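None of these values were measured; they are calculated from a predicted model. First listed ligand is number 1; within each ligand, the first listed atom is number 1.
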Amino acid sequence: MIPARRPIVLSGFMATGKSTVGRLVANTLGVSFLDLDDYVVEQAGKSVPEIFASEGEARFREREAEAINSILGDGIPRVISFGGGTVTIEHVRHATLERATVVTLTARAETILSRVASLQGRPNLVARSPADRTRDLLSLRREAYGECHATISTEGVTPEEIASKIVALADRDLLAMPLGSRSYAIELADDEPLRLTSTLKELRPSSIIVVTDSNVRRFRGHWLESALANIGDLRTLTIEIAPGETSKTLATIARIWNEALAFGVDRDAVVLAFGGGVVGDLAGFAASTLLRGVRCVQVATTVLSMVDSSVGGKTGFDHAAGKNLIGAFFQPSRVLLDLAHLSTLPVRERAAGLAEVVKIALVTDASLLDAIEAHAEGLARGERDALRTIVRDAVQAKIRVVRDDERESGRRALLNLGHTVGHALEAHGGYAAHLHGEAVAVGTVIEMKATERLGLTPRGLAARAETLFRRLGLATHTSPEDIAASWPYVLADKKRAATSMKLPVVTGAGQGAVETISLDVLRAAALAVT
Ligand code: GLY
């Protein structure tokens with residue numbers, strides 16, 4: 001199911017051609033065009049300079065926010081050109097990214113100045129040196145402009161050429177991770193290898209280092225081959241690792257470094273992660289360290305990597321002392337989620353990935369939790385429409401968490417729900433007894449029952465989560481003996497302090513908080529509920 005066409009918002013500095021291009025795009029798509037400044041002026045009954053002079057810029061921005069709320073609230077897929085400073089307000093920018101496809105048009109300061117025929121009606125450029133003011137504003141707004149679904153340079157191209165690029169974006173299913181200059185698009189597709197071809201063409205790499213595993217290559221290799229068949233004469237190295245968590249080691253990282261360096265990788269190369277969570281974490285970490293960092297594109301092929309590991313920039317590998325103990329935050333340049341990959345995913349892997357979706361919903365998004373419950377049987381059967389809806393909503397929920405706390409100094413730690421006990425069970429089982437998501441499902445239920453017992457989670461929520469995991473085909477039980485035997489791995493967890501641990505706690509449906517809990521109390525509660 002392709003989602004309904006969304007509104008298109010053109011953003012960028014004044015004189016980048018937003019209105020001219022916007023009208024062309026609207027004409028081609030057969031939808032209406034709206035200039036936000038004109039709308040605000042009409043509502044206010046005053047010109048923009050008059051609003052600035054009589055009410056101040058802050059009130060002008062509020063007027064813009066109110067206008068955007070009502071324009072994007074009606075669900076009509078029109079083209080809207082924003083004012084140059086509209087996206088400087090964070091909540092406006094973030095809300096717009098969730099409801100429209102945002103394209104930033106760019107131009108150099110000199111080009112902008114040559115295009116601004118008169119400063120009348122441009123209150124932000126009234127300064128002793130409009131050139132300096134332009135450069136200052138461009139620099140101040142660089143991060144905000146970077147938070148978009150696509151950026152298009154307007155240098156040396158006609159409005160028609162720009163418009164045709166935007167029209168080509170209209171039917172794409174794009175989400176945006178807004179992280180300033182490290183922002184990136186996350187694209188959903190359905191059996192569309194050409195989406196990867198276009199992504200790579202836009203990134204213009206000098207070469208591509210594909211990291212994949214033998215299972216993914218066997219079942220999905222044809223998809224990758226058809227994506228790469230159309231990128232022209234680009235040197236490509238493929239590094240195939242053994243599937244599974246046991247590959248997530250420094251030795252595999254060293255192999256990627258060695259092969260990439262022997263291949264002659266340079267700073268303009270792209271590392272392409274083609275696989276699930278293990279491949280993505282390894283490829284991302286290798287990209288973050290090769291030549292001090294080359295770009296990485298994540299092409300996720302499992303539910304788990306689509307909704308969790310490919311998005312948000314956590315990369316790394318396991319250590320004998322525990323899982324994911326060595327790593328770095330390194331954001332990808334793009335993420336591509338093609339639902340067709342899930343058609344060959346084993347049922348057990350699909351269910352394990354859905355555990356991460358439930359986890360995200362439990363601590364951040366009550367409506368996502370309701371939606372998973374509504375689609376549970378379809379998800380368990382692997383119905384493509386249900387998966388696409390839930391994957392998109394889960395990724396959007398994760399985007400909200402990561403954009404507000406990229407480096408996990410607060411809210412992002414909520415996404416570790418179920419991972420303290422889950423990781424311990426995985427490590428205790430030698431990473432062979434449980435898939436990661438299976439361990440997360442068991443860990444989530446045990447942690448929630450334990451925090452219910454401690455009065456931190458409302459009664460009934462653990463049972464609700466347990467029922468949902470089971471409907472998705474996941475086991476939720478483990479024995480007190482397994483909990484006791486896996487406890488040494490809890491003690492090695494990176495969230496542990498001397499005698500306590502910061503634990504994500506479900507405090508309501510779709511709500512969480514990080515609580516410091518004594519390790520002894522947690523152990524006793526976990527043993528009591530199993
Ligand atoms: N997998 C949890 C996170 O990305 O924070």
Q: Could you label the plane-to-plane angle of the H341 and F274 rings as parallel, tilted or perpendicular, counting under 30° as parallel and over 60° as perpendicular?
A: perpendicular
Q: What protein heavy atom lies closest to atom 5 (O) of ligand 1? Include the residue and the distance to one decimal.
A: R412 NE, 2.7 Å
Q: Between ligand 1 and N416, is the shortest N or O to N or O distance under 3.5 Å?
A: no
Q: Just checking, any donor-acceptor pair under 3.5 angstrom between side chains of S181 and E143?
A: yes
Q: Hey, is the main chain of D385 close enough, under 3.5 Å, to the side chain of T389 for a donor-acceptor pair?
A: yes
Q: Kindly confirm or rule out an N or O of K359 lying under 3.5 angstrom from an N or O of ligand 1.
A: no
Q: Ignoring hydrogens and angles, state whether a donor on the side chain of T476 or E466 is under 3.5 Å from an acceptor on the partner side chain.
A: yes
Q: Which one holds for K398 and ligand 1: side chain close, backbone close, both close, or neither close, with close meaning a heavy atom under 4.0 Å?
A: side chain
Q: Applying the side-chain contact (heavy atoms from CB on, under 4.5 Å) test to V297, which of L336, L196, V335, I208 qualifies?
A: L196
Q: Suppose we measure from atom 1 (N) of ligand 1 to each protein heavy atom; which comes out shortest, and what is that distance?
A: D308 OD2, 3.0 Å
